[in-house]
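What you are looking at is a predicted structure, and each value in this text was computed from that prediction instead of being measured. Here is the naming used below: chain letters follow the sequence lines, and residue numbers restart at 1 for every chain. Side chains included, hydrogens not; waters and symmetry mates left out as well; all remaining heavy atoms used.
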Protein chains: 2
Amino acid sequence: MEIELQIKMNEKLFLRNPEQSELGKKIIMHSIRLIHKNGFEAFTFKKLAEEVGTTEAGVYRYFENKHRLLIYIAAWYWAWLEYQVMYQTNNIHDPVVKLKMIIKLLATTVKEGVQTSYVDANLLHQIIITEGSKTYLTKRVSEDNNDKLFKPYKDLCAHIAQVILEYNPNYRYPKSLASTIIEMAHFQNFFKDHLPSLTDFGDKKDESDTVAFLEDMLFRVLNCHEN
Amino acid sequence: MEIELQIKMNEKLFLRNPEQSELGKKIIMHSIRLIHKNGFEAFTFKKLAEEVGTTEAGVYRYFENKHRLLIYIAAWYWAWLEYQVMYQTNNIHDPVVKLKMIIKLLATTVKEGVQTSYVDANLLHQIIITEGSKTYLTKRVSEDNNDKLFKPYKDLCAHIAQVILEYNPNYRYPKSLASTIIEMAHFQNFFKDHLPSLTDFGDKKDESDTVAFLEDMLFRVLNCHEN
DNA sequence: TCTATATTGATAGTAATACTATCTTTTATA
DNA sequence: TATAAAAGATAGTATTACTATCAATATAGA
C-alpha cells in the first residue's frame, strides 16, 4: 500500500497551485534544492527556471515573487510537521512522552515516515532552520498574517501549547513556551553548527544535545513551582 | 560633565571607520532611520545616499555592502548592550537582581543612560528585533564568524552565561539558556506586536509580559531540580 | 474527433539594484 | 604652502525583479 500525503495549502500562497502540475512540482522541488544550496538571498527565479528547465515567466505564473515562494514552502513544512506530530503522538496518552516526541520531531532530521513524492523533507528541514524566520521578519508581516499565510505555524504552536497545558494546566505561558521551543529547536541547532560558542554543545554532529537541552528546559519550567 | 560613549569596533566591519568622520556618522544615523522605516530588504545604498546627501559611491567607501552595514550596526548594538549590562549590574552582588536587570535591558526599550550622539538606541533596538538574526542566518556565517564580526553578540551571551552560573553553578546549559533568553527577548516582543497568537500576551503595548515570561522561565529553569 | 481553453515556451523589454571606475574638488595636516 | 586623504560628481555594467506579448502545445468537453 502506498499512501501519499497531500497537504491542502492556502490559495493565497500561490498564483497557480504548484501541486497540480508537473511544472509546479518541479518548481517546488528545485526551489528547495537551490535555496538549500545557495541560501535564500542568492536564490533567484532565473536560476530556478534554468534548473527546472523553464523560463522566468514560467515561474512567475506560479508565485508572485521569491518571498511568497519561501512562505509557501515554510507553510508546507509546518503543516507537514504538524501532521507528523499528530501521527507520532496519536494514541499516546502520557503528555511527557508526547512532549518528548514533539521536541524530537522539531529538532532532529527526519527519518521519513509517510513519503511525499517531490519534497525532500530533510533538505526542507535544513532550509527552515536558516530561512524560516525570514518569512515573517519583514515589514509585510501583518498583511501576510491577514492573508493567513502563517496559519500552519500558528496551528502547530497552538497544538504544542495544548499538550503543555495537558501536562501542567496551571502554567501561564503555554503559547510563548511553545513558540520558544519551536524557535530554539532551530536556533540552537544552527548555533551548534555555525556559532558553537552560543551553545554548550561540543562539536557533536547530531542533534542529541539540542534535544537534551530543550527537554531539560521544558520540563524544568513545567515541573517547577512558581517563583 | 558630559561623557560620550565610544565603542571600539572590529576593523573588518567596515572599509573606512564611520565613527571618524561626519559623513560616516551620518551614514550610520540615516541607515538606522531608513532600515527602521522601510525594513532591511527595501534598504538600498542609493536611498541611503540620498538621505545622507552624498552619493552611492560615497557610501561604498565606508561599507562593502548593505549586509556588512547591518552587521556593523548589530555589532554596535550588542557592544552597547553589554556595556549597559555592565553598567547597570555593577556593584550588584545578588545574581537574581542581576539577571532580572539583564532581562529588562534585553527586552525593554531603553531609557537612555549614557547618551550616544548619533545613534538612536531606541530605533536600533527595534531594528535588531526584526533584522538582528538576519546578520548570521546566511550562507556566509562561518566566514563572517572567522572575521570576528559576531564577537559582541557572543561576548554578551558569555557574560549572561556567567551570571547564570553564578546563580546556579550546577546548571548544565548556561550558554544555550543565555542565547535562548537573548533571542526570545526579541522574538516574543516581535510576536506580541505582529503574531500575537504565538504568545500569551494580550494587546498590551509595553514589554512587561515578555519580561514576566522570561523571568518566570529563567528562574524556573534555574531553581528546579533535575528531571 | 473536433474545438475551446488552459498551460507552457520563447522572446523582449524595463526599472531598479548592486556594484566599480575615474576624475575633480575640497578638506585636513605636516 | 605642499601633499595626501576624503568627498563629490559622473558614468557605466551586470544582475535582479519583474511585465508583456505571442506562438505552440496539451487537455478536456461536446
Exercise for the section: Please report, rounded to the nearest Å, how far the P atom of D/dA7 is from the CG atom of B/Leu15. Expected result: 13 Å
Handout entry: d(CG, A/Leu48; P, D/dA17) in whole Å
Key = 12 Å
Practice task
Decide, yes or no, whether a salt bridge links B/Asp209 with B/Lys192 under the criterion of side-chain N to carboxylate O below 4.0 Å.
Solution key: no
Practice task
Describe the nucleic acid contact of B/Phe63 in one word from base, sugar-phosphate, nothing, applying a heavy-atom distance below 4.0 Å.
Solution key: nothing
Problem - Presence of salt bridge, A/Arg140 and A/Glu143, under 4.0 angstrom - result: yes
Practice task
Answer yes or no: does a side-chain N or O of A/Tyr60 lie under 4.0 Å from OP1 or OP2 of D/dA20?
Solution key: no
Practice task
Specify whether A/Tyr72 and A/Phe63 have parallel, tilted or perpendicular ring planes, treating 30° as the upper limit for parallel and 60° as the lower limit for perpendicular.
Solution key: perpendicular
Handout entry: B/Arg16 side-chain N/O to D/dA5 phosphate OP1/OP2 under 4.0 Å
Key = no
Problem - Distance below 4.0 Å between A/Ser21 side-chain N/O and C/dT7 OP1 or OP2 - result: no
Exercise for the section: Kindly say if A/Thr54 contacts the phosphate of C/dG9, meaning a side-chain N or O under 4.0 Å from OP1 or OP2. Expected result: yes
Practice task
Go through D/dC18, D/dT16, C/dA18 for me and flag the one nearest to the A/Thr44 side chain.
Solution key: D/dT16
With 3.5 Å as the limit, what N/O pairs link the protein to nucleotides 22-29 of chain C?
none

Handout entry: B/His186 and B/Tyr77 aromatic ring geometry - parallel, tilted or perpendicular at 30°/60° bounds
Key = tilted
Fill in the blank from the handout: Quick note, A/Asn65 side chain, CB onward, closest among D/dA6, D/dC18, D/dT10 is D/dC18
Problem - For B/Glu41, salt bridge (charged side-chain N to carboxylate O under 4.0 Å, His left out) partners two or more places apart - result: B/Lys134
Exercise for the section: Please state whether the phosphate of D/dA7, meaning OP1 or OP2, lies under 4.0 angstrom from any side-chain nitrogen or oxygen of B/Tyr62. Expected result: yes
Completion exercise
Taking every heavy atom of B/Gly132 against every heavy atom of B/Thr135, the minimum-distance pair comes out as O-OG1, 2.6 Å
Handout entry: B/His194 and B/Phe190 aromatic ring geometry - parallel, tilted or perpendicular at 30°/60° bounds
Key = tilted
Exercise for the section: Please report, rounded to the nearest Å, how far the C1' atom of D/dT21 is from the CD atom of A/Glu56. Expected result: 16 Å
Exercise for the section: With heavy atoms under 4.0 Å as the rule, sort A/Lys66 into base, sugar-phosphate or nothing. Expected result: sugar-phosphate
Exercise for the section: Mind calculating the distance between CD (B/Glu22) and C1' (D/dG8) to the nearest angstrom? Expected result: 17 Å
Handout entry: Nearest-angstrom distance from the residue atom CD of A/Glu50 to P of D/dT15
Key = 11 Å
Problem - Heavy-atom side-chain proximity of A/Phe213 to B/Thr180 below 4.5 angstrom - result: yes
Fill in the blank from the handout: Testing D/dA9, C/dT7, C/dT11 for proximity to the side chain of B/Thr55, the answer is D/dA9
Problem - Rounded interatomic separation in angstrom, taking CZ from A/Phe40 and C1' from D/dT16 - result: 13 Å
Handout entry: d(NZ, A/Lys46; P, C/dT14) in whole Å
Key = 16 Å
Handout entry: Atom-to-atom span, CD of A/Gln20 to C1' of C/dT8 - whole angstrom
Key = 16 Å
